[in-house]
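Shown next, in structure tokens, is the structure this report addresses.
Lettering of chains follows the sequences in order, A, B, ..., and the numbering in each one begins at 1. Side chains are part of it too, since the values below use all heavy atoms of this structure and drop only hydrogens, waters and symmetry mates.
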Protein chains: 2
Amino acid sequence: MGGSCLAERLSHYVTLSSGERAALDRLEEQDRAYRRGAVVISESGAPRDLFVVRKGWLHSSVVLGNGSRQIMRFHFQGDLIGLPLLAFPDPPETVTAVTDATLCPFSRERLAALMTEHPRLAALILALTVAERVSLADRLASIGRTSARARVSSLICEIHSRLRILGLAADGAVQLPLTQEDIGDATGLTAVHVNRMMRGLVEDGLIDRNGSHLRVLDEGRLCAEASFIDRTPVETGWLPPPR
Amino acid sequence: MGGSCLAERLSHYVTLSSGERAALDRLEEQDRAYRRGAVVISESGAPRDLFVVRKGWLHSSVVLGNGSRQIMRFHFQGDLIGLPLLAFPDPPETVTAVTDATLCPFSRERLAALMTEHPRLAALILALTVAERVSLADRLASIGRTSARARVSSLICEIHSRLRILGLAADGAVQLPLTQEDIGDATGLTAVHVNRMMRGLVEDGLIDRNGSHLRVLDEGRLCAEASFIDRTPVETGWLPPPR
DNA sequence: CGCACCTTTGAATGAGATCAAAGATGGTGG
DNA sequence: CCACCATCTTTGATCTCATTCAAAGGTGCG
């Protein structure tokens with residue numbers, strides 16, 4: 001396969017030393033392909049691995065006692081998934097492939113070894129985890145305290161902003177392989193109401209759609225309506241020296 | 001002050017080596033007292049330190065453009081706060097003291113040094129951060145996908161469960177220094193509606209209240225209604241050896 | 001071509017918000 | 001020690017945003 005996915009991800013933030021790069025390469029022996037709709041980590045099954053996303057979209061979700069589903073977060077190229085495995089024996093969330101996806105698995109023992117040998121990478125992974133926590137908090141505020149329209153707008157802003165960083169949002173246009181039901185499960189709304197809200201956003205000239213293609217027309221207004229805050233990139237000034 | 005707060009916290013999960021304990025003691029030179037209502041970390045001000053809570057209640061919150069507030073999480077004795085500082089230059093959340101509180105500050109550079117010298121502590125701190133992320137996700141599901149009554153129940157279950165671990169919930173009774181407005185801001189409801197829901201829980205014999213005293217009478221039913229999942233303690237099996 | 005699944009639209013319902021105001025509580029200063 | 005004021009809780013009435021229920025178009029895939 002050639003080269004660690006995690007290395008690729010982390011090198012967005014720091015210039016990896018050759019030692020770090022070698023250690024990261026040793027982490028992964030393989031990659032695995034998943035079909036659209038496949039369950040990568042199930043709330044019921046015992047998980048064994050963490051993953052880095054090489055290709056594709058996924059999401060993590062929880063299904064509640066009443067049968068409804070909450071999507072916590074979408075995962076794109078370079079994202080670390082399965083981190084809860086570090087804290088809990090049983091996975092608290094289900095991870096599902098939204099599109100066909102390729103993942104790079106590695107065990108937590110290997111991660112432990114990596115953190116021991118390369119403290120800077122340990123600190124960086126901690127920073128990335130914290131950043132994801134903050135992003136979840138933003139989502140929480142959006143769902144807890146804003147209107148349906150703002151929630152949908154916020155989700156679009158977040159996805160658009162993250163895909164743009166990956167170079168997947170040429171001129172505001174992104175591929176959005178989600179059903180309105182998915183968007184509802186991510187925003188705490190019903191599919192029917194998501195439909196009405198998106199329709200409204202189109203009418204007001206904020207976005208445009210056809211099929212799974214979505215284009216952000218007026219990012220400023222969209223983000224403002226959503227109270228969306230695009231968090232600036234992760235801080236790296238405090239990290240220990242590389243090894 | 002004598003002894004690091006963080007050491008106390010981490011020793012809940014692992015038996016600290018003498019080297020680890022010494023390093024943790026070196027982390028903190030002081031502790032700081034805050035008055036009820038004091039803002040410890042402000043969304044606007046530049047923060048300098050992380051903290052461990054020695055004594056008291058705090059919460060982190062965000063104020064949105066429309067003026068409403070979302071409380072993300074309550075922080076009790078032993079909790080790490082200010083972690084977002086590891087990822088972002090400006091604090092994304094405001095941390096406020098709910099009661100008079102004593103905090104132990106330390107800089108992120110010191111944390112970086114600690115992680116370098118003591119990889120097991122680095123891994124443990126990562127695991128704790130992940131656990132907090134999962135807890136936020138649970139809250140997100142509660143707010144996004146359950147009724148007002150279930151949200152209030154869930155918050156009570158969470159607080160009760162966490163305080164019990166700290167030995168602060170004798171026979172289901174906890175001190176709850178929150179206004180109904182606070183509870184509303186944590187659950188995404190209005191204070192008025194929180195009142196009605198709590199009243200209902202009392203009527204149905206699930207809880208009892210007078211003043212700031214709250215007693216959980218039927219934990220099983222309360223948690224069931226709330227779809228509350230008490231996450232079992234943090235995994236430590238995968239951690240690297242101590243140093 | 002035909003069957004799933006998804007989107008769209010309409011009408012009725014309902015959970016929670018909003019508005020308003022009356023009690024309760026507690027901290028503060030005289 | 002008491003009176004007062006601010007804050008918090010409680011309750012009622014009304015309103016509104018989002019849900020629910022239902023059914024008619026689209027779309028793509030096997």
Side-chain angles (χ1 to χ4, degrees), chain A residues 35-37 64 66-71 96 98-100 142-156 175-204 207-214 225-226, chain B residues 35-38 57 64 66-71 96 98-100 142-156 175-204 207-214 225-226:
Chain A
R35 286 293 177 76
R36 179 162 68 84
L64 298 182
N66 58 24
S68 63
R69 180 179 68 154
Q70 174 70 47
I71 294 178
T96 310
V98 175
T99 66
D100 289 351
S142 172
I143 292 182
R145 285 303 191 200
T146 73
S147 69
R149 178 171 163 125
R151 295 189 214 176
V152 172
S153 302
S154 175
L155 184 68
I156 294 173
Q175 199 68 22
L176 197 76
L178 302 174
T179 66
Q180 296 182 350
E181 178 114 30
D182 291 331
I183 298 176
D185 286 344
T187 52
L189 300 168
T190 58
V192 170
H193 207 57
V194 167
N195 182 281
R196 292 193 235 269
M197 294 302 106
M198 295 196 71
R199 198 138 278 283
L201 294 177
V202 171
E203 272 174 28
D204 296 351
I207 63 171
D208 195 14
R209 293 176 310 157
N210 40 17
S212 67
H213 227 72
L214 183 144
E225 264 201 43
Chain B
R35 286 294 177 77
R36 179 162 67 86
W57 275 46
L64 298 182
N66 58 25
S68 62
R69 178 179 69 155
Q70 175 71 46
I71 293 177
T96 310
V98 175
T99 65
D100 290 350
S142 172
I143 291 181
R145 283 303 191 202
T146 73
S147 69
R149 177 171 163 124
R151 295 190 213 176
V152 172
S153 302
S154 175
L155 184 68
I156 293 172
Q175 199 67 21
L176 197 76
L178 302 174
T179 65
Q180 296 183 351
E181 178 113 32
D182 292 330
I183 297 175
D185 286 344
T187 52
L189 300 169
T190 57
V192 171
H193 208 57
V194 167
N195 182 281
R196 291 194 235 268
M197 294 303 106
M198 294 196 72
R199 200 138 277 285
L201 294 177
V202 171
E203 269 173 31
D204 296 352
I207 62 171
D208 195 14
R209 293 176 309 157
N210 41 17
S212 67
H213 228 70
L214 183 145
E225 265 202 42

**Prompt:** Partners of B:S147 by side chain to side chain contact (heavy atoms under 4.5 Å, CB included), sequence neighbours excluded?
**Reply:** B:R149, B:A150

**Request:** List in chain and number order the residues that pass side chain to side chain contact (heavy atoms under 4.5 Å, CB included) with A:T179, two or more places apart in sequence or in another chain; answer none if no residue qualifies.
**Result:** A:E181, A:D182

**Prompt:** Heavy atoms, side chains only, cut-off 4.5 Å: are A:T146 and A:S154 in contact?
**Reply:** no

**Message:** Quick check on the helix from C:dC1-D:dG30 to C:dG30-D:dC1: what's the angle between its two end axes, five base pairs per end, to the nearest 10°?
**Reply:** 50°

**Request:** Considering only heavy atoms of chain B and a distance under 4.0 Å, specify the first and last nucleotide of DNA chain D in 5' to 3' order that meet this criterion.
**Result:** D:dC8 to D:dA13

**Request:** Using the test side chain to side chain donor-acceptor pair (under 3.5 Å), find all partners of A:N210 that sit at least two apart in sequence or belong to another chain.
**Result:** none

**Item:** For A:T96, all residues meeting side chain to side chain donor-acceptor pair (under 3.5 Å), sequence neighbours excluded
**Value:** none

**Message:** Looking at B:R35, is its backbone amide N or carbonyl O close enough to the side chain of B:D100 to form a donor-acceptor pair, meaning the two atoms are under 3.5 Å apart?
**Reply:** no

**Message:** Just to verify, what does A:A186 make a side chain to side chain contact (heavy atoms under 4.5 Å, CB included) with, not counting sequence neighbours?
**Reply:** A:I71, A:F74, A:R139, A:L155

**Request:** Using a 4.0 Å heavy-atom cut-off, write out nucleotides 10-22 of chain C from 5' to 3' as B (base contacted by protein), S (sugar-phosphate only) or - (no contact).
**Result:** BB----BSBB---

**Item:** Pairs touching residues 184-194 of chain B that satisfy salt bridge (Lys or Arg N to Asp or Glu O under 4.0 Å), sequence neighbours left out
**Value:** A:R145-B:D185, B:R69-B:D185

**Prompt:** Sequence neighbours excluded, which residues qualify as side chain to side chain contact (heavy atoms under 4.5 Å, CB included) partners of A:V192?
**Reply:** A:T190, A:R196

**Request:** Please report, rounded to the nearest Å, how far the C1' atom of C:dC5 is from the CD atom of A:Q180.
**Result:** 12 Å

**Request:** Please name all residues satisfying side chain to side chain donor-acceptor pair (under 3.5 Å) with A:T99, sequence neighbours left out, ordered by chain then number.
**Result:** none

